[in-house]
Number of protein chains: 2
Amino acid sequence: MHRHEGHDACRSDAPDMLARAEALCRERGLQFTPLRRDVLEAVAESDKAQGAYDIAERLSAPGKRVAPVSVYRALDFLMEQGLVHRIASRNAFIPCAHGHAPGEGVIFLICRSCGAVDETSSADVEGGLERTLERAGFTPTHSILEVEGDCGACRERERTP
Amino acid sequence: MHRHEGHDACRSDAPDMLARAEALCRERGLQFTPLRRDVLEAVAESDKAQGAYDIAERLSAPGKRVAPVSVYRALDFLMEQGLVHRIASRNAFIPCAHGHAPGEGVIFLICRSCGAVDETSSADVEGGLERTLERAGFTPTHSILEVEGDCGACRERERTP
DNA sequence: GCGGGTTTGTTACAGTGTATCACCGCCAGA
DNA sequence: TCTGGCGGTGATACACTGTAACAAACCCGC
(Lines give C-alpha, C1' and ligand atoms only; values in the text may rest on other atoms or scores of the structure.)
Protein backbone atom coordinates (compact mmCIF):
# COMPACT_ATOMS: atom_id res chain seq x y z
CA MET A 1 0.00 0.00 0.00
CA HIS A 2 2.94 2.35 -0.48
CA ARG A 3 3.81 4.78 -3.15
CA HIS A 4 7.38 3.55 -3.46
CA GLU A 5 6.95 -0.03 -4.45
CA GLY A 6 9.03 -0.07 -7.60
CA HIS A 7 11.21 2.61 -5.99
CA ASP A 8 11.12 5.82 -7.93
CA ALA A 9 7.82 4.96 -9.42
CA CYS A 10 6.87 8.43 -8.17
CA ARG A 11 7.98 10.54 -11.03
CA SER A 12 6.61 8.26 -13.69
CA ASP A 13 3.31 8.32 -11.85
CA ALA A 14 2.55 11.75 -13.20
CA PRO A 15 1.42 10.94 -16.73
CA ASP A 16 -0.52 8.06 -15.30
CA MET A 17 -2.27 10.38 -12.89
CA LEU A 18 -3.28 12.72 -15.68
CA ALA A 19 -4.79 9.92 -17.70
CA ARG A 20 -6.58 8.61 -14.66
CA ALA A 21 -7.91 12.06 -13.81
CA GLU A 22 -9.16 12.67 -17.31
CA ALA A 23 -10.95 9.35 -17.42
CA LEU A 24 -12.47 9.95 -14.02
CA CYS A 25 -13.76 13.39 -14.98
CA ARG A 26 -15.26 12.17 -18.21
CA GLU A 27 -16.92 9.38 -16.31
CA ARG A 28 -18.44 11.83 -13.84
CA GLY A 29 -19.39 14.37 -16.45
CA LEU A 30 -16.95 16.97 -15.10
CA GLN A 31 -14.53 19.22 -16.89
CA PHE A 32 -10.85 18.42 -16.78
CA THR A 33 -9.80 21.88 -17.88
CA PRO A 34 -6.25 22.92 -18.84
CA LEU A 35 -5.82 24.79 -15.56
CA ARG A 36 -6.88 21.79 -13.52
CA ARG A 37 -4.64 19.63 -15.61
CA ASP A 38 -1.67 21.93 -15.07
CA VAL A 39 -2.25 22.14 -11.33
CA LEU A 40 -2.56 18.40 -11.01
CA GLU A 41 0.58 17.94 -13.06
CA ALA A 42 2.47 20.41 -10.89
CA VAL A 43 1.36 18.63 -7.75
CA ALA A 44 2.17 15.23 -9.22
CA GLU A 45 5.64 16.26 -10.34
CA SER A 46 6.99 16.01 -6.83
CA ASP A 47 6.43 13.67 -3.94
CA LYS A 48 6.96 16.60 -1.63
CA ALA A 49 3.99 18.54 -0.39
CA GLN A 50 3.72 21.84 -2.22
CA GLY A 51 2.08 25.06 -1.16
CA ALA A 52 -0.56 26.66 -3.33
CA TYR A 53 1.65 29.69 -3.89
CA ASP A 54 4.56 27.49 -4.97
CA ILE A 55 2.30 25.90 -7.53
CA ALA A 56 1.05 29.28 -8.71
CA GLU A 57 4.58 30.47 -9.15
CA ARG A 58 5.62 27.33 -10.96
CA LEU A 59 2.73 27.61 -13.39
CA SER A 60 3.37 31.27 -14.04
CA ALA A 61 5.50 32.34 -16.93
CA PRO A 62 6.58 35.79 -18.08
CA GLY A 63 3.41 37.14 -19.66
CA LYS A 64 1.15 34.41 -18.31
CA ARG A 65 0.56 34.74 -14.60
CA VAL A 66 -1.50 32.18 -12.69
CA ALA A 67 -3.00 33.71 -9.58
CA PRO A 68 -3.01 31.73 -6.33
CA VAL A 69 -6.77 31.99 -6.14
CA SER A 70 -7.06 30.06 -9.37
CA VAL A 71 -4.78 27.40 -7.98
CA TYR A 72 -6.91 27.14 -4.87
CA ARG A 73 -10.02 26.66 -6.93
CA ALA A 74 -8.39 23.96 -8.99
CA LEU A 75 -7.10 22.30 -5.82
CA ASP A 76 -10.57 22.38 -4.29
CA PHE A 77 -11.91 20.64 -7.33
CA LEU A 78 -9.13 18.06 -7.39
CA MET A 79 -9.62 17.35 -3.69
CA GLU A 80 -13.34 16.87 -4.15
CA GLN A 81 -12.57 14.33 -6.82
CA GLY A 82 -10.07 12.60 -4.56
CA LEU A 83 -7.11 13.30 -6.83
CA VAL A 84 -5.20 15.47 -4.39
CA HIS A 85 -4.79 15.51 -0.64
CA ARG A 86 -4.20 18.42 1.67
CA ILE A 87 -1.60 18.07 4.39
CA ALA A 88 -3.05 20.11 7.24
CA SER A 89 0.14 20.23 9.28
CA ARG A 90 1.99 21.79 6.36
CA ASN A 91 -0.66 23.77 4.52
CA ALA A 92 0.42 21.92 1.44
CA PHE A 93 -0.81 19.49 -1.16
CA ILE A 94 0.19 16.13 -2.56
CA PRO A 95 -1.16 13.92 -5.32
CA CYS A 96 -3.31 11.05 -4.21
CA ALA A 97 -1.35 7.91 -4.79
CA HIS A 98 -4.28 5.70 -5.66
CA GLY A 99 -8.04 5.67 -5.66
CA HIS A 100 -9.29 5.21 -2.14
CA ALA A 101 -12.55 3.78 -1.15
CA PRO A 102 -14.58 6.87 -0.29
CA GLY A 103 -14.18 7.57 3.39
CA GLU A 104 -11.30 5.17 3.75
CA GLY A 105 -8.79 6.31 6.33
CA VAL A 106 -5.50 7.47 4.95
CA ILE A 107 -2.28 7.89 6.89
CA PHE A 108 0.29 10.41 5.74
CA LEU A 109 3.93 9.78 6.50
CA ILE A 110 5.83 13.04 6.27
CA CYS A 111 9.61 12.85 6.29
CA ARG A 112 11.07 15.78 8.15
CA SER A 113 14.43 15.59 6.42
CA CYS A 114 13.58 14.99 2.75
CA GLY A 115 10.05 16.34 2.94
CA ALA A 116 8.57 13.47 0.97
CA VAL A 117 5.05 12.45 1.89
CA ASP A 118 4.09 8.82 1.66
CA GLU A 119 0.56 7.59 1.90
CA THR A 120 -0.60 4.41 3.52
CA SER A 121 -3.56 2.96 5.34
CA SER A 122 -4.34 0.41 7.98
CA ALA A 123 -7.52 -1.50 8.67
CA ASP A 124 -6.12 -2.03 12.12
CA VAL A 125 -5.88 1.65 12.94
CA GLU A 126 -9.17 2.37 11.30
CA GLY A 127 -10.97 -0.29 13.27
CA GLY A 128 -9.49 0.91 16.52
CA LEU A 129 -10.44 4.47 15.75
CA GLU A 130 -13.97 3.46 14.88
CA ARG A 131 -14.38 1.68 18.20
CA THR A 132 -12.91 4.62 20.08
CA LEU A 133 -15.28 7.06 18.44
CA GLU A 134 -18.21 4.78 19.08
CA ARG A 135 -17.30 4.60 22.73
CA ALA A 136 -17.03 8.39 22.90
CA GLY A 137 -20.43 8.82 21.27
CA PHE A 138 -18.86 10.76 18.42
CA THR A 139 -20.05 10.51 14.83
CA PRO A 140 -17.16 11.26 12.47
CA THR A 141 -17.47 12.97 9.13
CA HIS A 142 -13.80 13.34 8.29
CA SER A 143 -10.53 12.51 9.95
CA ILE A 144 -6.89 13.27 9.33
CA LEU A 145 -3.90 11.29 10.51
CA GLU A 146 -0.50 12.76 9.77
CA VAL A 147 2.76 11.39 11.10
CA GLU A 148 6.01 13.29 10.98
CA GLY A 149 9.32 11.50 11.24
CA ASP A 150 12.14 9.97 9.23
CA CYS A 151 11.49 7.81 6.23
CA GLY A 152 13.49 4.65 5.65
CA ALA A 153 15.49 6.12 2.78
CA CYS A 154 16.65 9.06 4.88
CA ARG A 155 17.65 6.92 7.82
CA GLU A 156 19.63 4.78 5.41
CA ARG A 157 21.28 7.83 3.93
CA GLU A 158 22.33 9.05 7.34
CA ARG A 159 23.89 5.77 8.28
CA THR A 160 26.13 5.80 5.21
CA PRO A 161 27.00 9.41 4.42
CA MET B 1 -10.52 9.51 29.33
CA HIS B 2 -12.82 12.35 28.37
CA ARG B 3 -12.98 15.93 29.36
CA HIS B 4 -16.69 15.85 30.01
CA GLU B 5 -17.01 13.32 32.76
CA GLY B 6 -18.86 15.40 35.31
CA HIS B 7 -20.50 17.24 32.43
CA ASP B 8 -19.58 20.88 32.43
CA ALA B 9 -16.47 20.22 34.38
CA CYS B 10 -14.81 22.21 31.58
CA ARG B 11 -15.22 25.68 32.89
CA SER B 12 -14.15 24.84 36.41
CA ASP B 13 -11.04 23.21 34.95
CA ALA B 14 -9.47 26.57 34.31
CA PRO B 15 -8.25 27.49 37.83
CA ASP B 16 -7.06 23.95 38.19
CA MET B 17 -5.03 24.25 34.99
CA LEU B 18 -3.36 27.42 36.20
CA ALA B 19 -2.30 25.81 39.45
CA ARG B 20 -1.08 22.76 37.59
CA ALA B 21 0.86 24.90 35.15
CA GLU B 22 2.48 26.95 37.85
CA ALA B 23 3.56 23.86 39.76
CA LEU B 24 4.90 22.30 36.60
CA CYS B 25 6.95 25.36 35.69
CA ARG B 26 8.40 25.69 39.15
CA GLU B 27 9.29 22.03 39.05
CA ARG B 28 11.09 22.48 35.73
CA GLY B 29 12.74 25.73 36.68
CA LEU B 30 10.83 27.71 34.07
CA GLN B 31 9.05 31.02 34.36
CA PHE B 32 5.29 31.10 34.51
CA THR B 33 5.05 34.77 33.64
CA PRO B 34 1.88 36.89 33.73
CA LEU B 35 1.61 36.84 29.97
CA ARG B 36 1.87 33.07 29.82
CA ARG B 37 -0.62 32.82 32.63
CA ASP B 38 -3.09 35.09 30.84
CA VAL B 39 -2.76 33.22 27.56
CA LEU B 40 -3.25 29.87 29.24
CA GLU B 41 -6.25 31.21 31.09
CA ALA B 42 -7.75 32.56 27.88
CA VAL B 43 -7.28 29.22 26.17
CA ALA B 44 -8.67 27.33 29.15
CA GLU B 45 -11.76 29.49 29.42
CA SER B 46 -13.40 27.78 26.49
CA ASP B 47 -13.56 24.22 25.29
CA LYS B 48 -13.63 25.56 21.76
CA ALA B 49 -10.42 25.90 19.84
CA GLN B 50 -9.35 29.53 19.68
CA GLY B 51 -7.17 31.28 17.17
CA ALA B 52 -4.09 33.18 18.31
CA TYR B 53 -5.59 36.43 17.11
CA ASP B 54 -8.79 35.81 19.06
CA ILE B 55 -6.72 35.33 22.17
CA ALA B 56 -4.73 38.46 21.48
CA GLU B 57 -7.90 40.44 21.07
CA ARG B 58 -9.43 39.01 24.21
CA LEU B 59 -6.37 39.87 26.26
CA SER B 60 -6.21 43.37 24.87
CA ALA B 61 -7.87 46.21 26.69
CA PRO B 62 -8.12 49.90 25.83
CA GLY B 63 -4.64 51.15 26.60
CA LYS B 64 -3.10 47.70 26.99
CA ARG B 65 -2.75 45.94 23.70
CA VAL B 66 -1.38 42.41 23.48
CA ALA B 67 0.15 41.75 20.08
CA PRO B 68 -0.46 38.42 18.36
CA VAL B 69 3.26 37.78 18.21
CA SER B 70 3.38 37.76 22.00
CA VAL B 71 0.52 35.31 22.09
CA TYR B 72 2.33 33.05 19.65
CA ARG B 73 5.42 33.03 21.82
CA ALA B 74 3.42 32.19 24.89
CA LEU B 75 1.59 29.47 23.00
CA ASP B 76 4.87 27.98 21.79
CA PHE B 77 6.05 27.84 25.35
CA LEU B 78 2.81 26.31 26.60
CA MET B 79 2.86 23.73 23.84
CA GLU B 80 6.43 22.75 24.65
CA GLN B 81 5.35 22.20 28.22
CA GLY B 82 2.38 20.14 27.08
CA LEU B 83 -0.18 22.52 28.51
CA VAL B 84 -1.78 23.46 25.23
CA HIS B 85 -2.45 21.64 21.97
CA ARG B 86 -2.61 22.98 18.49
CA ILE B 87 -5.43 21.84 16.23
CA ALA B 88 -3.80 21.75 12.81
CA SER B 89 -7.02 21.47 10.87
CA ARG B 90 -8.32 24.66 12.47
CA ASN B 91 -5.20 26.73 13.11
CA ALA B 92 -6.37 27.00 16.66
CA PHE B 93 -5.47 26.05 20.20
CA ILE B 94 -7.06 24.21 23.09
CA PRO B 95 -5.99 23.51 26.66
CA CYS B 96 -4.55 20.09 27.31
CA ALA B 97 -7.12 18.23 29.32
CA HIS B 98 -4.65 16.21 31.37
CA GLY B 99 -1.00 15.40 31.57
CA HIS B 100 -0.14 12.91 28.87
CA ALA B 101 2.67 10.50 28.95
CA PRO B 102 5.25 12.19 26.73
CA GLY B 103 4.73 10.96 23.20
CA GLU B 104 1.40 9.39 23.99
CA GLY B 105 -0.98 9.57 21.08
CA VAL B 106 -3.86 11.94 21.49
CA ILE B 107 -7.04 11.97 19.44
CA PHE B 108 -8.94 15.20 18.98
CA LEU B 109 -12.67 15.06 18.46
CA ILE B 110 -13.84 18.29 16.88
CA CYS B 111 -17.57 18.92 16.78
CA ARG B 112 -18.51 20.71 13.60
CA SER B 113 -21.71 22.15 15.02
CA CYS B 114 -20.77 23.35 18.51
CA GLY B 115 -17.04 23.64 17.85
CA ALA B 116 -16.05 21.94 21.08
CA VAL B 117 -12.90 19.88 20.99
CA ASP B 118 -12.70 16.79 23.11
CA GLU B 119 -9.53 14.89 23.70
CA THR B 120 -9.19 11.18 24.02
CA SER B 121 -6.72 8.38 23.39
CA SER B 122 -6.68 4.75 22.48
CA ALA B 123 -4.05 2.11 23.07
CA ASP B 124 -5.75 0.20 20.30
CA VAL B 125 -5.24 2.91 17.69
CA GLU B 126 -1.79 3.64 18.92
CA GLY B 127 -0.71 0.01 18.71
CA GLY B 128 -2.10 -0.32 15.22
CA LEU B 129 -0.36 2.83 14.10
CA GLU B 130 2.92 1.69 15.57
CA ARG B 131 2.76 -1.58 13.68
CA THR B 132 1.83 0.22 10.47
CA LEU B 133 4.77 2.60 10.77
CA GLU B 134 7.10 -0.25 11.59
CA ARG B 135 5.97 -2.08 8.48
CA ALA B 136 6.52 1.05 6.41
CA GLY B 137 10.02 1.53 7.80
CA PHE B 138 9.06 4.93 9.13
CA THR B 139 10.34 6.33 12.42
CA PRO B 140 7.81 8.76 13.87
CA THR B 141 8.66 11.83 15.88
CA HIS B 142 5.22 13.35 16.13
CA SER B 143 1.75 12.49 14.94
CA ILE B 144 -1.59 14.21 14.86
CA LEU B 145 -4.98 12.60 14.70
CA GLU B 146 -7.96 14.89 14.36
CA VAL B 147 -11.52 13.78 13.75
CA GLU B 148 -14.28 16.12 12.71
CA GLY B 149 -17.91 15.20 13.24
CA ASP B 150 -20.82 15.54 15.60
CA CYS B 151 -20.45 15.14 19.32
CA GLY B 152 -23.04 13.25 21.34
CA ALA B 153 -24.48 16.36 22.95
CA CYS B 154 -25.14 17.98 19.58
CA ARG B 155 -26.75 14.90 18.10
CA GLU B 156 -28.97 14.77 21.16
CA ARG B 157 -29.83 18.42 20.79
CA GLU B 158 -30.83 17.91 17.16
CA ARG B 159 -33.10 15.03 17.98
CA THR B 160 -35.11 17.12 20.46
CA PRO B 161 -35.17 20.71 19.22
C1' DG C 1 -28.72 33.69 -31.16
C1' DC C 2 -30.22 33.32 -26.26
C1' DG C 3 -30.20 32.12 -21.48
C1' DG C 4 -28.05 29.74 -17.77
C1' DG C 5 -24.57 27.18 -15.76
C1' DT C 6 -19.57 26.68 -14.93
C1' DT C 7 -14.83 28.23 -15.17
C1' DT C 8 -11.39 31.72 -15.03
C1' DG C 9 -9.20 36.46 -14.24
C1' DT C 10 -8.65 40.25 -11.25
C1' DT C 11 -8.62 42.89 -7.26
C1' DA C 12 -8.96 43.36 -2.72
C1' DC C 13 -8.80 41.78 1.73
C1' DA C 14 -8.88 38.74 5.98
C1' DG C 15 -6.37 35.47 8.69
C1' DT C 16 -2.08 33.05 10.16
C1' DG C 17 2.61 33.07 11.34
C1' DT C 18 7.63 34.66 11.54
C1' DA C 19 11.89 37.83 11.48
C1' DT C 20 14.11 41.47 13.51
C1' DC C 21 15.53 44.75 16.65
C1' DA C 22 15.19 47.29 20.82
C1' DC C 23 14.31 47.28 25.64
C1' DC C 24 13.75 45.54 30.28
C1' DG C 25 14.71 42.75 34.36
C1' DC C 26 17.28 39.52 36.52
C1' DC C 27 21.24 37.21 38.03
C1' DA C 28 26.06 35.45 38.09
C1' DG C 29 30.65 36.63 38.21
C1' DA C 30 34.54 39.92 38.13
C1' DT D 1 28.94 47.67 42.59
C1' DC D 2 29.43 47.22 37.98
C1' DT D 3 28.87 44.58 34.00
C1' DG D 4 27.76 41.26 30.70
C1' DG D 5 24.70 37.76 29.39
C1' DC D 6 20.27 35.72 29.01
C1' DG D 7 15.46 35.10 28.77
C1' DG D 8 11.12 37.49 28.14
C1' DT D 9 8.45 41.22 26.14
C1' DG D 10 7.04 45.15 22.91
C1' DA D 11 6.77 46.87 18.46
C1' DT D 12 7.09 47.01 13.61
C1' DA D 13 7.28 44.96 9.48
C1' DC D 14 6.62 41.42 6.54
C1' DA D 15 5.69 36.69 4.42
C1' DC D 16 2.51 33.16 3.79
C1' DT D 17 -2.24 31.14 3.50
C1' DG D 18 -6.85 31.55 2.16
C1' DT D 19 -11.44 33.76 0.76
C1' DA D 20 -14.97 37.27 -1.02
C1' DA D 21 -16.82 39.64 -4.78
C1' DC D 22 -17.44 40.87 -9.36
C1' DA D 23 -16.63 40.78 -14.20
C1' DA D 24 -15.49 38.40 -18.36
C1' DA D 25 -15.15 34.20 -21.09
C1' DC D 26 -16.75 29.80 -22.24
C1' DC D 27 -19.77 25.98 -23.22
C1' DC D 28 -23.98 23.67 -24.09
C1' DG D 29 -28.66 22.90 -24.98
C1' DC D 30 -32.78 25.11 -26.65
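Order of the sequence lines sets the chain letters (A, B, ...), proteins ahead of strands, with each chain counted from 1. As the structure is a computational prediction, the values presented were derived from the model and not from experiment.
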Rounded to whole angstrom units, what separation is found between the CG atom of A:Leu59 and the P atom of C:dG9? 11 Å

Whole-Å gap separating C1' (C:dT7) and CG (A:Asp38): 14 Å

A:Arg37 bridged to A:Glu22 by N-O distance under 4.0 Å: no

Is there a side-chain polar atom (N or O) of B:Asn91 under 4.0 Å from OP1 or OP2 of C:dG15? no

Using whole Å, what does the distance between atom P of nucleotide C:dT18 and atom CZ of B:Phe77 come to? 18 Å

Assuming nearest nucleotide by heavy-atom distance, tell me which of B:Thr33 and A:Tyr72 is located more 5' along DNA chain D. B:Thr33

Closest-nucleotide mapping onto DNA chain D: is B:Pro34 or B:Ala67 further toward the 5' terminus? I mean the 5' end. B:Pro34

I need the full list of salt bridge (charged side-chain N to carboxylate O under 4.0 Å, His left out) pairs touching residues 72-95 of chain A, with sequence neighbours left out, sorted by first then second residue. A:Arg90-A:Glu148

Just N and O in the side chain of B:Arg65: are any of them under 4.0 Å from OP1 or OP2 of D:dT12? no

Quick one, give me the B/S/- string for nucleotides 22-30 of chain D, reading 5' to 3', where B means a protein heavy atom under 4.0 Å from the base and S means that only happens at the primed atoms, P, OP1 or OP2. ---------

For a quick test of reading the model: is some side-chain N or O of A:Arg90 closer than 4.0 Å to OP1 or OP2 of C:dG17? no

Do B:Val125 and A:Thr132 come close enough that some side-chain heavy atom pair is under 4.5 Å? yes

A:Leu35 atom CG is separated from C:dT6 atom P, nearest whole Å, by 17 Å

So what does B:Val66 hit on the nucleic acid, given a heavy-atom distance under 4.0 Å: a base, only sugar-phosphate, or nothing? nothing

With respect to the phosphate group of C:dG15, does any side-chain polar atom (N or O) of B:Tyr53 fall under 4.0 Å of OP1 or OP2? no

A:Ser89 meets the side-chain hydrogen bond (donor to acceptor under 3.5 Å, both in side chains) criterion, sequence neighbours left out, with A:Glu146

Cluster overlap B:Val69 with B:Leu75, hydrophobic side-chain contacts below 4.5 Å: no

Would you mind reading off the distance between A:Phe93 atom CZ and D:dC16 atom P, rounded to a whole angstrom? 16 Å

From CG of A:Leu30 across to C1' of C:dG5 the rounded distance in Å is 13 Å

For the pair A:Ser70 (side chain) and A:Val66 (backbone), establish whether a donor and an acceptor sit closer than 3.5 Å, ignoring hydrogens and angles. no

Taking atom P of D:dG18 as reference, at what distance in whole Å does atom CG of A:Asp76 sit? 10 Å

C:dT7 OP1/OP2 closer than 4.0 Å to side-chain N/O of A:Arg36: yes

Quick one: is B:Ser70 getting a side-chain N or O under 4.0 Å of the D:dG10 phosphate, OP1 or OP2? yes

What is the distance from CG of B:Leu75 to P of C:dT16, rounded to the nearest Å? 12 Å

Could you check whether any side-chain heavy atom of B:Phe108 comes within less than 4.5 Å of a side-chain heavy atom of B:Thr120, counting everything from C-beta outward? no

